[in-house]
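These notes concern the structure reproduced below.
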Amino acid sequence: MSHLVPDLQVSTSQMAKGLGLSGEEFEWIEKKLGRKPNFAELGIFSAMFSEHCSYKSSRKYLKRFPTQGKRVLQGPGENAGILDIGGGWAVAFKMESHNHPSFIEPHQGAATGVGGILRDIFTMGARPIALMDSLCFGSPKNDKTASLVKGVVKGIGDYGNSVGVPTVAGQTFFHACYNQNPLVNAFALGIVKKDEIFKGYASGIGNCLVYAGAKTGRDGVHGATMSSKEFSSDEELERPTVQVGDPFTEKLVLEATLEVMRAGLIVGIQDMGAAGLTSSSFEMAARANTGLEIDLDKVPTREKSMSAYELLLSESQERMLLVCTPEKLSRVQDIYAKWDLHAEQIGVVTVGHSVRMSKDGKQVVDLPVEVVTEPPRAERTMMAPSDLKQRWFIDRNRLLSGSIESKFDRHMEAFNFANPTSLVEQFDSMVGNRTEGGTFDDAAVLRLRDIPEKPMRIAMTVDGNPRVTWLWPLEGGKRAVAEAAINLALKGVDPIGITDCLNFASPENPEVMWQFSETIEGISLACEALGLPVISGNVSFYNETDGKPIYPSPMIGMVGISEGRSKLAHTQFHSTALELALIGSPEGGLGGSLFCSQWLQRDCGQPEETDLKSIIRMLNFLSKLRSKRFDYSCHDISDGGLIHSVLEMAFFSRFDCIGAEISIPQETDVDGFLFGESIPRIVLGFDSAEATEVEMLANQAGVKFTPIGIVNDKGTFVLKQGGAKVLEKQMAHLKESWNNRWRCFF
Amino acid sequence: MKAGVITFPGSNCDDDCRYSLEKSAGFEVQSIWHKESYLPPELDLIVLPGGFSYGDYLRTGAMAAVSPIMAAVKEYAEKGGLVLGICNGFQILCEAGLLPGALVKNQSYGFVCRDVVLEIASSNPWTQPLTQGTFLSLPVAHGEGRYVIEPPQCQELEEKGQILFRYKENINGSTQQIAGITNRGKNVCGMMPHPERASDLRSHDGLKIWNAIGAILRERK
């Protein structure tokens with residue numbers, strides 16, 4: 001095994017290849033250094049040149065993102081992005097993937113994903129107040145799916161619940177393309193006073209470099225490299241590269257770190273995440289344009305005789321690297337000791353731009369910072385999938401055959417149409433005493449009790465539609481952003497920025513690179529139209545196993561704020577006597593819809609292009625509606641079309657007798673009306689006394705208003721066409737199957 | 001009124017308790033670190049908050065129960081002082097022997113976070129003026145909240161009016177659906193539901209617990 005090679009042994013291109021470096025990269029390193037790196041140094045390069053750390057394939061494309069804006073205090077490039085929310089306060093947020101570790105060991109993989117994203121937030125000086133997750137699993141028929149769901153959900157819960165950060169929202173999606181490669185994306189948000197933000201700078205010549213938190217073990221050695229290659233099914237061999245999380249230690253590290261920050265004791269800080277001590281030290285030196293001298297013998301370890309190679313590449317969790325002036329060192333150590341944690345000086349900030357490290361009295365690493373942190377870019381070729389147009393083919397004959405009832409019944413069987421309660425209840429969604437609602441629906445809403453003089457709300461949501469993105473990446477990117485914005489507006493808040501997690505297959509596949517680039521274009525177009533900066537994010541490539549790629553899966557985490565705390569709109573029907581209207585186009589596009597997948601047994605069709613101007617009109621309408629102060633329920637129409645939206649509003653209502661009667665508008669395509677998924681379309685329930693005013697508001701905002709029926713207390717779901725009843729179902733029966741669908745996992 | 005909220009390593013509802021006691025219950029709140037050996041003077045109430053003290057390692061509450069501060073808490077309780085343990089705080093009070101019984105893993109083996117309906121089981125100072133048979137709605141969030149106790153002891157709890165409330169739906173498999181109890185002297189109380197999460201957000205039923213504590217203190221003075 002690799003760790004048996006002595007640190008100082010001169011490496012060869014063969015050894016480099018074994019650690020995932022290409023021949024060209026090895027030659028480039030040798031040329032830059034004027035010598036061959038030794039084995040410990042080779043380990044550094046292999047981690048830092050991995051896709052996960054270097055963004056070598058993606059960096060060029062990520063530049064397309066709009067990252068500027070009047071609220072932006074920190075854009076991409078730090079541990080998390082930060083936006084100004086006024087009143088002297090700011091929010092830090094980011095989303096990150098932990099896909100590969102979660103497939104190998106679901107519980108620890110997901111748990112440490114949560115741990116890592118929390119550290120990214122408090123590293124910036126922000127107290128984490130909310131978590132979200134986006135989870136994609138394989139088909140329920142797949143043998144592995146149930147154990148992965150159980151493990152991942154337990155892992156997220158065990159970690160977040162214990163640290164005391166609520167998991168307030170999320171999305172879960174099942175599809176066969178994730179059979180061998182689930183996606184676990186974790187989002188975290190923290191709040192910080194604008195003048196108490198910290199960054200990852202190793203500044204000030206002569207300052208102390210301090211290691212704080214848990215001790216280093218051999219777990220997770222080379223995790224970053226593992227995440228940057230495809231899997232073969234014998235993933236068992238990779239188990240030692242999965243880190244083990246300890247939320248108890250994380251909680252202590254969190255409190256101690258915020259305490260040293262608030263006491264003004266440190267200059268810069270970074271957590272030891274992927275590629276552990278290596279990436280944190282080199283990146284901190286690179287940002288500050290300084291050098292570092294590190295004595296590896298000072299690193300607290302929990303295993304004996306670890307080599308420099310192992311110390312550098314361990315991904316043991318709950319560790320921080322920080323810089324302080326020598327006179328403040330003892331106070332820093334006192335605070336960590338109060339929380340029963342180590343804080344050891346392991347080095348100093350030096351002049352020059354090299355990182356030097358010694359072990360057992362010998363120098364084992366001497367590398368110029370920029371050679372390590374600015375690897376050569378990987379030039380990837382791009383090509384649109386040759387079968388893209390075939391994917392757009394819809395079998396019209398089959399679509400026209402079948403009764404409304406047979407289509408409805410099939411639509412109800414969709415595995416993704418399910419009550420998420422059995423999953424969501426395993427997460428503490430309320431700790432912190434800020435969660436106002438939305439945990440189960442469009443977006444979570446939190447009050448900010450931290451700014452007493454300024455009552456505020458913050459809302460967040462995570463969105464993405466891999467099926468649409470597979471069919472049309474540009475539209476997939478656009479739609480994820482637009483849908484997230486509407487979800488926030490439904491909760492009465494204005495979106496202020498996004499983070500993203502871009503999950504794709506191998507960048508060495510030109511079709512994947514095309515998907516990647518098109519998706520980024522789509523996200524950027526939507527962000528520009530809506531004035532939203534991208535402030536942080538993460539790229540996860542190589543999501544494929546045995547050559548089977550996942551669908552391109554961009555996940556968008558969006559955050560919004562509102563001043564004051566007026567009454568929240570309902571998602572569920574808040575009364576058994578409501579009028580229902582559809583806001584937006586009466587017909588939705590069927591391309592890429594769940595309906596096509598269910599009825600035609602194939603993901604197909606060209607998704608309808610999202611008109612960003614119509615999104616802005618819808619956001620305006622929702623903002624006007626909010627100012628009217630009457631009670632209404634509203635829910636967007638997305639995955640599953642109008643049918644699923646109306647039923648969800650009924651199922652979540654507190655009335656057992658709830659019923660709904662929907663009339664299909666005349667001269668409207670029935671399938672498009674009931675099952676179409678293009679956006680923006682919204683279901684709105686209101687008291688009949690308000691009908692005229694709602695219609696007027698819609699007209700003013702330039703959005704279509706179509707009355708579609710009523711909510712009643714008859715306990716049935718009825719569809720009418722031309723006044724005649726074409727379908728009648730017992731609400732209780734529909735709800736029962738929706739309730740039980742995911743029970744099989746828990 | 002002055003309350004002390006103890007922070008153990010791994011406590012995570014300490015801040016929520018402080019906030020709620022100050023903003024909703026009108027207490028002046030003092031934070032107390034678990035390594036202290038003495039309590040601050042003139043406390044009217046000590047709260048052991050929820051969380052995962054010592055990561056729930058060994059057994060929930062077992063390590064926190066032997067923290068230096070717990071000797072002082074025991075002495076305070078023996079003198080009749082009011083002590084409230086919420087969630088992990090309840091677990092610690094059982095481990096410390098201040099309350100009978102024990103809290104073990106939920107019957108489902110899973111964590112459960114939701115609003116639950118509680119039925120008042122007896123007329124007890126901690127829930128006054130609510131009477132037996134009335135209902136409260138409070139959130140729970142725990143993985144080890146299944147209250148277990150031997151039948152004779154349970155009967156004693158019942159007879160002495162020490163059972164505070166019961167879950168309407170038994171969410172965790174607790175003996176007799178017990179969600180909260182007091183000691184014999186009724187000055188030490190443990191409950192799995194979180195009143196601090198329902199005093200100015202979600203429901204306001206948490207306030208009813210704070211108000212009852214306020215009433216006990218007024219009666220005493």
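A, B, ... follow the sequence lines: proteins, then strands. Residue 1 opens every chain.
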- Query: Does A:K193 NZ have over 12 foreign heavy atoms under 6.0 Å away?
  - Reply: no
- For each of B:A141, B:P9, B:G50, tally heavy-atom pairs with chain A at distances under 4.5 Å, and name the one with the top tally. B:P9
- Query: If you measure from the Lys or Arg side-chain nitrogens to the Asp or Glu carboxylate oxygens, is any gap between A:R127 and B:D15 under 4.0 Å?
  - Reply: no
- In terms of heavy-atom contacts, does CD of B:E28 have more than 12 from other residues, nucleotides or ligands at under 6.0 Å? no
- Query: Picking from A:L254, A:T421, A:D246, which has the most non-hydrogen pairs under 4.5 angstrom with chain B?
  - Reply: A:D246
- CZ (B:F135) with more than 12 external heavy atoms under 6.0 Å: yes
- Query: Is atom CZ of A:R331 surrounded by more than 12 heavy atoms (other residues, nucleotides or ligands) closer than 6.0 Å?
  - Reply: no
- Message: At a 4.5 Å cut-off on heavy atoms, which part of B:D200 comes close to chain A: side chain, backbone, both, or neither?
- Response: both
- Atom CZ in B:R197, atom CZ in A:R434: separation rounded to 0.5 Å? 11.5 Å
- Are there more than 12 heavy atoms of other residues, nucleotides or ligands under 6.0 Å from atom NZ of B:K168? no
- Might you confirm whether atom NZ of B:K2 has over 12 heavy atoms from other residues, nucleotides or ligands at distances under 6.0 Å? yes
- Task: To the nearest 0.5 angstrom, please state how far the CH2 atom of B:W33 sits from the CH2 atom of A:W339.
- Result: 3.5 Å
- Task: Kindly indicate whether the side chain of A:D158, heavy atoms from C-beta on, has any atom under 4.5 Å from the side chain of B:F52.
- Result: no
- Query: What part of B:S11 is in contact with chain A, defined as an atom under 4.5 angstrom from a non-hydrogen atom: side chain, backbone, both or neither?
  - Reply: backbone
- Query: If you draw a 6.0 Å radius around NZ in B:K105, do more than 12 non-hydrogen atoms from other residues or ligands fall strictly inside?
  - Reply: no
- Message: Tell me the closest heavy-atom pair linking A:S429 and B:C113, and the distance in Å.
- Response: N-SG, 3.5 Å
- Message: Under 4.5 Å from any heavy atom of chain A, what part of B:N106 do you find: side chain, backbone, both or neither?
- Response: neither
- In this structure, CE of A:M430 is separated from CG of B:D16 (nearest 0.5 Å) by 11.5 Å
- Note on the structure: Separation between OH (B:Y19) and CZ (A:R449), nearest 0.5 Å, reads 6.0 Å
- Message: Counting only non-hydrogen atoms closer than 4.5 Å, does B:Y54 touch chain A with its backbone (N, CA, C, O), its side chain (CB onward), both, or neither?
- Response: both
- Query: Is it the side chain or the backbone of A:V163 that comes within 4.5 Å of chain B heavy atoms, both, or neither?
  - Reply: backbone
- Message: Main chain of B:C13, side chain of A:N433: is a donor-acceptor contact present, judged purely on distance under 3.5 Å?
- Response: no
- Task: Can you measure from CG (A:D340) to NZ (B:K35) and round to the nearest 0.5 angstrom?
- Result: 3.5 Å
- Should A:D428 and B:H142 count as side-chain neighbours, where that means a heavy-atom distance under 4.5 Å? no
- Shortest non-hydrogen pair, A:V431 vs B:N12, comes out as CG2-O, 3.6 Å
- For A:F746, is it the side chain, the backbone, both or neither that has a heavy atom under 4.5 Å from a heavy atom of chain B? neither
